[in-house]
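Shown next, in structure tokens, is the structure this report addresses.
Atom set for the values below is all heavy atoms of this structure, side chains included, hydrogens, waters and symmetry mates excluded. Predicted model, so just to flag it, every value in this text is computed and none were measured.
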Amino acid sequence: GLALLAGIFSLIGFPPGSIFISEIYLVSAAFIGVNYVIGALLLGLLAVIGGALLYHFGKVLFGKPPEKTVSPSEPFGGWLAYGFLLFSSC
């Protein structure tokens, strides 16, 4: 669940991701070029898209699980892979 949530935040464009940097460039270029309507429209659409992604994936992550679902435990190899990815990205 935590890796999916981190992936969703990355897709939305939370800092310090590369999508965040490209969104900042687009919005700043719109406002520097005196295209205020385009910049405001871009910010509004990014907010709507981000909110929709968080809403739907929030239902997936934090919703009530279906009945008769067995949740397996995470194997040690999975935790080892998470740890490696966490420390290699720092």
Any chain of hydrophobic side-chain contacts (each under 4.5 Å) joining L5 to L86?
no
Do any side-chain atoms of residues 53-62 form donor-acceptor pairs under 3.5 angstrom with protein atoms, and if so which ones, sequence neighbours left out?
none

ILVMFWY network linking V34 to I38, side-chain heavy atoms under 4.5 angstrom
no
With rounding to the nearest 0.5 Å, note down the distance linking CG in L4 to CG in L11.
9.5 Å
For residues 19-32, please give each side-chain donor-acceptor pair under 3.5 Å, one per line with the distance, not counting sequence neighbours.
{"unit_1": "S22", "atom_1": "OG", "unit_2": "I19", "atom_2": "O", "d": "2.8"}
{"unit_1": "S28", "atom_1": "OG", "unit_2": "I24", "atom_2": "O", "d": "2.9"}
{"unit_1": "S28", "atom_1": "OG", "unit_2": "Y25", "atom_2": "O", "d": "3.1"}

Taking F76 as the starting point, is it possible to reach L85 by hopping between hydrophobic residues whose side chains are less than 4.5 Å apart?
no
Checking one residue: W79. Which other hydrophobic residues are in its cluster under the side-chain 4.5 Å linking rule?
Y82
